[in-house]
Amino acid sequence: MAKQKLPKTNAVRLLDQHRVEYKLMEYDVQDNQIDGVKVAVKVGYPVTHVFKTLVTTVGTGKFFVFVIPVAGELNLKAGAKAVGEKKIEMLPVKDLLATTGYIRGGCSPVGMKKLFPTFIDESASNLDYMVVSAGKIGMQMKLSPNELIRVTKGRFSKLTD
């Protein structure tokens with residue numbers, strides 16, 4: 001029986017363009033359990049290796065992307081310090097699609113409408129791999145943290161407590 005081919009998202013196409021090695025995986029969304037910790041369980045990876053993508057703003061059309069462990073919370077003060085701003089706030093969910101091209105639960109740090117300044121929690125810098133959204137609900141991708149840094153032109157920062 002032929003292996004089912006997963007559809008390509010913007011994130012996956014961009015990884016292919018940059019010749020990044022990655023592994024795609026799907027998970028069941030029928031139960032509407034799509035929070036990061038449950039997704040980690042569904043894809044079979046430890047929560048320390050599965051990351052969520054958060055988008056913030058300073059309210060002036062400036063946006064910043066943060067990639068943090070799914071069980072963690074973004075420390076807004078640490079995030080503001082990382083981006084060189086006095087204060088940042090979470091982008092309202094209603095603005096996520098128009099700003100990034102992604103919806104809540106399927107927001108990937110790769111392949112957004114624009115390449116926003118991207119910061120990845122320093123905990124990823126010691127990992128062999130990390131798992132992030134592949135750009136749609138029900139799909140994750142496993143890749144090297146350094147490759148994610150390269151593709152997003154990001155950098156590691158202390159973002160969680």
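Sequential numbering from 1 along the given sequence is applied to the chain's residues. Computed from heavy atoms alone, side chains included, the values below leave out hydrogens, waters and symmetry copies. None of these values were measured; they are calculated from a predicted model.
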Contact check, side chains of [X] and [Y], non-hydrogen atoms, under 4.5 Å:
| X | Y | value |
| --- | --- | --- |
| Val50 | Gln140 | yes |
| Met25 | Lys142 | yes |
| Val110 | Thr152 | yes |
| Val39 | Val70 | no |
| Leu76 | Glu89 | no |
| Pro69 | Lys52 | no |
| Phe116 | Thr99 | yes |
| Lys153 | Thr118 | no |

Can you tell me how far the [atom1] atom of [X] sits from the [atom2] atom of [Y], to the nearest 0.5 Å?
| X | Y | atom1 | atom2 | result |
| --- | --- | --- | --- | --- |
| Thr53 | Ile120 | OG1 | CD1 | 9.0 Å |
| Thr57 | Lys62 | OG1 | NZ | 9.5 Å |
| Thr9 | Leu24 | OG1 | CG | 7.0 Å |

All heavy atoms of Lys87 vs all of Val58, minimum pair found to be O-CG1, 3.3 Å
Grab the two heavy atoms, one from Leu91 and one from Leu96, that are nearest each other, plus how far apart they are. CD2-CA, 3.9 Å
Taking atom CZ as the centre, does Arg13 end up with more than 12 heavy-atom neighbours from other residues, nucleotides or ligands that are less than 6.0 angstrom away? yes
Within 6.0 Å of CD in Glu73, more than 12 heavy atoms from elsewhere: no
Measure from the ring center of Phe156 to the ring center of Phe119 and say whether it is less than 6.0 Å. no
Within the distance-only criterion (no hydrogens, no angle test), does the side chain of [X] pair as donor or acceptor with the backbone N or O of [Y] below 3.5 angstrom?
| X | Y | value |
| --- | --- | --- |
| Ser133 | Gly135 | yes |
| Lys86 | Ala80 | no |
| Thr56 | Met90 | no |
| Arg104 | Lys94 | no |
| Arg150 | Pro145 | no |
| Asn75 | Thr160 | no |

So, are Asp35 and Lys38 salt-bridged, with charged N and O less than 4.0 Å apart? yes
Give a yes or no on whether a salt bridge exists between Asp31 and Lys42, defined as a side-chain N under 4.0 angstrom from a carboxylate O. yes
Is it the case that one hydrophobic cluster holds both [X] and [Y], taking links as side-chain heavy atoms less than 4.5 Å apart, direct or via other members?
| X | Y | result |
| --- | --- | --- |
| Leu97 | Val29 | yes |
| Phe64 | Val67 | no |
| Leu159 | Phe51 | no |

Please check if any side-chain donor atom of Asn10 sits under 3.5 Å from a side-chain acceptor atom of Tyr102, or the reverse. no
One pair to check against side chain to side chain contact (heavy atoms under 4.5 Å, CB included): Lys23 and Leu143. What are the steps and the verdict? CA-CA 7 Å; Lys23 175 187 174 190; Leu143 72 165; over 6 Å; no
CA sep, side-chain torsions, deciding dist, call: Ser123, Asp121, side chain to side chain donor-acceptor pair (under 3.5 Å): CA-CA 5 Å; Ser123 64; Asp121 190 69; 2.7 Å; yes
